Amino acid sequence: MIEAAFSVLEDDGQRNELAAFYAEYKERFCCIAYSKLNNCADAEDAVQEVFSQIADKPDKFFEIPSDMRLAYVDVMVRNTAVDIFNAKNKVHIEELDEELEDDNVSLEDELFGKVSHDEILAFMEQLPTAQKNVLLLHCYVGLTIYETAQRLNISLNSANKRLKSARGEIKRFIDERSAENE
């Protein structure tokens with residue numbers, strides 16, 4: 001795959017220089033990506049994505065002083081790995097909404113009284129991403145708090161704190177809305 005990315009380079013000198021750079025630092029870049037993704041295949045995909053981007057716009061890469069290129073690519077690899085991690089671990093409320101519709105018991109009847117399901121989902125969408133992800137994985141997907149922490153690559157203590165904060169925010173919202181509706 002990486003050879004195909006390099007083959008688009010018209011300048012043989014640039015192609016050879018970029019191929020040598022890749023060969024010399026490939027393991028380093030894979031380690032950086034792996035530190036964010038904890039998966040070898042995803043790490044290699046991240047590195048290949050970065051070099052495909054470089055091959056698409058080689059002038060940008062070759063304008064960077066040669067002593068700064070390694071740091072530049074390190075940052076690109078790290079950012080690409082984080083983007084891949086976030087994309088794979090993003091929880092969508094719409095998917096959860098579909099799961100909830102399959103249940104016989106509605107959230108409105110069981111938990112929230114006068115606050116509608118749609119209002120709760122809209123409020124949850126406004127929670128900070130860190131709190132929202134823990135809440136959704138633990139409460140709606142049904143993962144244990146330990147599994148949730150592992151899935152989000154955070155400590156168990158952080159997962160518990162985020163869950164407690166999210167629950168507190170939802171409780172405040174429900175209390176406020178219930179008081180408004182009375």
Side-chain angles (χ1 to χ4, degrees), residues 27-54 71-182:
E27 294 302 317
R28 173 191 178 114
F29 300 139
C30 284
C31 287
I32 291 169
Y34 185 83
S35 74
K36 303 297 179 199
L37 296 165
N38 295 320
N39 180 301
C40 289
D42 289 344
E44 289 177 11
D45 288 346
V47 172
Q48 289 185 3
E49 172 65 28
V50 166
F51 277 90
S52 292
Q53 291 172 9
I54 291 171
Y72 176 77
V73 177
D74 283 350
V75 170
M76 284 183 72
V77 168
R78 185 184 70 236
N79 291 344
T80 301
V82 168
D83 290 345
I84 290 171
F85 178 84
N86 289 339
K88 286 188 171 219
N89 291 294
K90 186 173 184 178
V91 178
H92 298 284
I93 287 184
E94 295 80 26
E95 294 170 6
L96 293 172
D97 196 25
E98 291 171 10
E99 286 180 29
L100 292 173
E101 287 175 3
D102 293 339
D103 294 342
N104 291 331
V105 180
S106 74
L107 287 177
E108 297 129 10
D109 295 339
E110 186 177 324
L111 301 174
F112 305 120
K114 297 179 181 178
V115 180
S116 77
H117 180 247
D118 291 338
E119 288 175 309
I120 295 295
L121 288 177
F123 177 77
M124 286 174 51
E125 189 63 45
Q126 297 171 10
L127 288 173
T129 303
Q131 291 178 8
K132 180 173 45 178
N133 286 343
V134 170
L135 181 73
L136 295 174
L137 289 174
H138 180 66
C139 295
Y140 292 109
V141 176
L143 298 180
T144 66
I145 194 67
Y146 179 76
E147 292 169 330
T148 299
Q150 284 185 318
R151 177 87 181 267
L152 295 174
N153 202 24
I154 59 174
S155 71
L156 185 58
N157 190 36
S158 293
N160 278 317
K161 285 180 181 178
R162 291 176 187 180
L163 181 61
K164 183 177 179 180
S165 295
R167 285 178 170 165
E169 292 295 320
I170 291 172
K171 183 179 181 332
R172 277 191 284 283
F173 173 75
I174 291 170
D175 291 345
E176 289 172 8
R177 292 294 294 146
S178 293
E180 290 173 9
N181 291 333
E182 289 180 353

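Side chains included, hydrogens not; waters and symmetry mates left out as well; all remaining heavy atoms used. Please read these numbers as outputs of a predicted model, since none were measured by experiment.
Put simply, the side chain of V134 reaches to within 4.5 Å of the side chain of I145, judged on heavy atoms. Side-chain atoms of F85 and V82, non-hydrogen and from C-beta on, never get closer than 4.5 Å to each other. Here the side chains of L135 and I170 are in contact, with some heavy-atom distance below 4.5 Å. Considering only heavy atoms from C-beta on, F29 stays 4.5 Å or farther from V50 through its side chain.
A pairwise comparison of heavy atoms in L127 and A166 identifies CD1-CB, 4.2 Å as the closest pair. The nearest pair of heavy atoms linking L143 to E147 is CA-OE1, 3.4 Å.
Interatomic distance, N79 CG to D74 CG, rounded to the nearest 0.5 Å: 11.0 Å. Between the CG atom of N157 and the CZ atom of R162 there is a distance of 10.5 Å, given to the nearest 0.5 Å. The line from CG of D45 to CD of Q48 is 6.0 Å long, rounded to the nearest 0.5 Å. Atoms NZ and CD, on K132 and Q126 in that order, are 9.5 Å from each other to the nearest 0.5 Å. Interatomic distance, E169 CD to M124 CE, rounded to the nearest 0.5 Å: 12.5 Å. Considering CG of L136 and CG of L152, their distance stands at 10.0 Å, rounded to 0.5 Å.
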Identify every side-chain donor-acceptor pair in residues 30-39 under 3.5 Å, counting partners at least two apart or on other chains, and give the distances.
from	atom 1	to	atom 2	distance (Å)
S35	OG	I32	O	2.6
N39	OD1	A41	N	2.9
N39	OD1	D42	N	2.9

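Applying the side chain to side chain contact (heavy atoms under 4.5 Å, CB included) test to Y146 and every residue at least two apart in sequence or in another chain returns T144, Q150, L156.
Inspection of the E49 and Q53 side chains reveals an N or O donor paired with an N or O acceptor under 3.5 Å.
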